[in-house]
Amino acid sequence: MSPKALPGFRDFYPAEFAIRAHILDTWRRIVRRYAFMEYDGPPLEPLELYTQKSGDEIVGQLYAFDDKGGRSVAMRPEMTPTFARMVASRAQALRKPVRWFAVPQLFRYERQQKGRLREHFQLNVDIVGESDVLADAELLSIAIEICRAFGLDRSDFYARVSDRRLLNALLASLEIDADAWPAVYAVLDKLERQPREISAEKLATAGLSAQAADAVLGFGAFDTVDALRERFGGSPDVVVHLDRFAQYAQHLTALGVGEFLRLDLTIVRGLAYYTGIVFELFDAQGEFRAICGGGRYDNLLQSLGGVDLPALGFGMGDVVLGELLAARGKLSAVGTPAADVWLVASEHTPVADILRVASSLRAADVSVEYALNADKLHGRKTTASIKDAQKAGARVALVFREAGQAEVLPLAGDAPLPADRTVLDTSDWSPTSVPHTDLSPLFQHLGR
RNA sequence: GUGGCCGUAGCUCAAUCGGUUAGAGCACCGGAUUGUGGUUCCGGGGGUUGCGGGUUCAAUUCCCGUCGGUCACCCCA
């Protein structure tokens, strides 16, 4: 048995690489529509960059080691600390709001499971320097538009959205002690996956009154601002946040993605650093993990980098997204790239002629392939060579039946054949230059 | 880190109750045929049955360990 990739790591054969490229290309294409700029940082960082935010216990979940200079280092498990450092060190000079994105490969040392490997690519989109809810709406609309760009619609996915400030106000209005909030968050996070009795028990342990616990257990039932307003509208502290959420929803509707929005107070996000609106994108059938998650983290930059700027962002990984797209048939059209043109020599065609034409076509940005074996180039029947071209997936075969003349033979699927044979005169083509001959008959078959 | 299930060709799978030299399709390579061509046919390469140990006259098959895969828990960036 030949050596395999390490557990949780992937070999990308051309078919898989084509899917990866499709995902990453689409990410970049859509995010650029929103005028975000791409950045990147080192894949290897000082270990302290992560322990200072998350504590020492995180080391067990990192690819961490001492380098040859004795430094404690880790392969990056997330992009946010790097991003925070980069923004903080030039915070004064950056035009606000900062609209940046990155597509890092991230690593974590954990047992792999569905949708979760030890390595993945993750789109990170962040906005820094704007606290208005308009920025929150912009951010979520990007995540949604990306999913739509992959061919997913409202029947495939939706966004669950909550707001830390709203949730905290609700807990306060229920007279729940702030010390108990983390425990309440944990219960809310598991509300759907955990039996109600266990949730109730945990809330009681956290010190909640029976009434307060009942109210928390009922949070999952509220899926509109109006429903919350009816129940908690008497509390001015709550109303402030309900109003903002309503505004958020209006912005999203105006941006054309309102139908994907669903208020859901059980969306907690594990991170302690979220301070405002938080969201996760889920597939509608509940078959996969969250496709994407993010929110507002107004205090993080100060705690990491020392600059006090509001910020928000999200991450979207390629693994769950790829699984979902595959399951919904959205990757069937993703093909591996093949040659535009395959050159078929006859026994009379000098090798030099083939090479000259190949060079010339490549100068015209046409991808060209031919048999890399002189015997095959000359010793096979034309039909056998054409068969090679078809197997390779070439769009067009150029068949040299006579010197200086190349017949254009379209190979693509069931495209109709031209009534007349198209013959290109290649006699005056020279290496590395664009052919003088009119290539339009060829380009026509290549879809240019 | 804990637990369930699963490891046979590149892929999907077969191999009677434990019994001869572990087979097939697809893919790959070669050839024939088809001569506006992805058809059809013939042939070929490819396996220490994940690895190690045990039971047995005999192990792909039963047992133990280990590694890997997968799913869940934990955790979530």
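All values derive from a computational prediction rather than experimental measurement. Just so we're on the same page: letters track the sequence lines, and every chain starts at 1.
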Between B/rG30, B/rA77, B/rU33, which nucleotide gets closest to the side-chain atoms of A/K381?
B/rU33
Could you measure between the two C1' atoms, the one in B/rU34 and the one in B/rG46, and give it in whole Å?
29 Å
Considering every strand and a 4.0 Å limit on heavy-atom distances, what is the contact class for A/K114: base, sugar-phosphate, or nothing?
sugar-phosphate
With heavy atoms under 4.0 Å as the rule, sort A/G317 into base, sugar-phosphate or nothing.
nothing
Please evaluate the base of B/rC76 for a donor-acceptor partner in the side chain of A/R108 within a cut-off of under 3.5 Å?
no
Name the nucleic acid region contacted by A/P7, choosing base, sugar-phosphate or nothing; use a 4.0 angstrom heavy-atom cut-off, strictly under.
sugar-phosphate
Considering only atom C1', compute the distance from B/rG45 to B/rC29 and round it to an integer number of Å.
7 Å
If only side-chain N and O atoms count, and only distance matters, is there a donor-acceptor pair under 3.5 Å linking A/Y39 with A/N124?
no
Determine the minimum heavy-atom distance between A/A74 and A/L62, stating which atoms define it.
CB-CD1, 4.1 Å
Can a side-chain donor-acceptor contact be found between A/E45 and A/T82 if the only test is distance below 3.5 angstrom?
yes
Report yes or no: do A/D126 and A/Y297 form a side-chain donor-acceptor pair below 3.5 Å?
yes
Side chains of A/L152 and A/L324, heavy atoms from C-beta outward: is any pair under 4.5 Å?
yes
Just need the stems in RNA chain B: three or more back-to-back Watson-Crick or G-U pairs, each with both distances under 3.5 angstrom, sorted by first number.
B:1-7 with B:67-73, B:10-13 with B:23-26, B:28-32 with B:40-44, B:50-54 with B:62-66
Please round to the nearest 0.5 Å and tell me the distance separating atom CD1 of A/I291 and atom CG of A/D156.
8.5 Å
Mind checking A/L409 for me? I need base, sugar-phosphate or nothing, with any heavy atom below 4.0 Å counting as a touch.
base
Choose from B/rC76, B/rA77, B/rU40 the nucleotide whose nearest atom is closest to any side-chain atom of A/R193.
B/rC76
Mind checking the C1' distance from B/rU12 to B/rG52? Whole angstroms is fine.
29 Å
With respect to A/F260, which candidate in A/F282, A/F157, A/F279 satisfies the ring pair (Phe, Tyr, Trp, His ring centres under 6.0 Å) definition?
A/F157
Ignoring hydrogens and angles, are the base of B/rG69 and the side chain of A/R111 linked by a donor-acceptor pair under 3.5 Å?
no
On a whole-Å scale, what distance lies between the P atoms belonging to B/rG18 and B/rU61?
11 Å
Check every strand shown and say whether A/L6 touches a base, only sugar-phosphate, or nothing at a heavy-atom separation below 4.0 Å.
nothing
So what does A/R76 hit on the nucleic acid, given a heavy-atom distance under 4.0 Å: a base, only sugar-phosphate, or nothing?
nothing
Find which nucleotide of RNA chain B each of A/G393 and A/A384 is nearest to by heavy atoms, and output the residue with the more 5' nucleotide.
A/A384
What's A/R10 touching, base or sugar-phosphate or nothing? Going by heavy atoms closer than 4.0 Å.
nothing
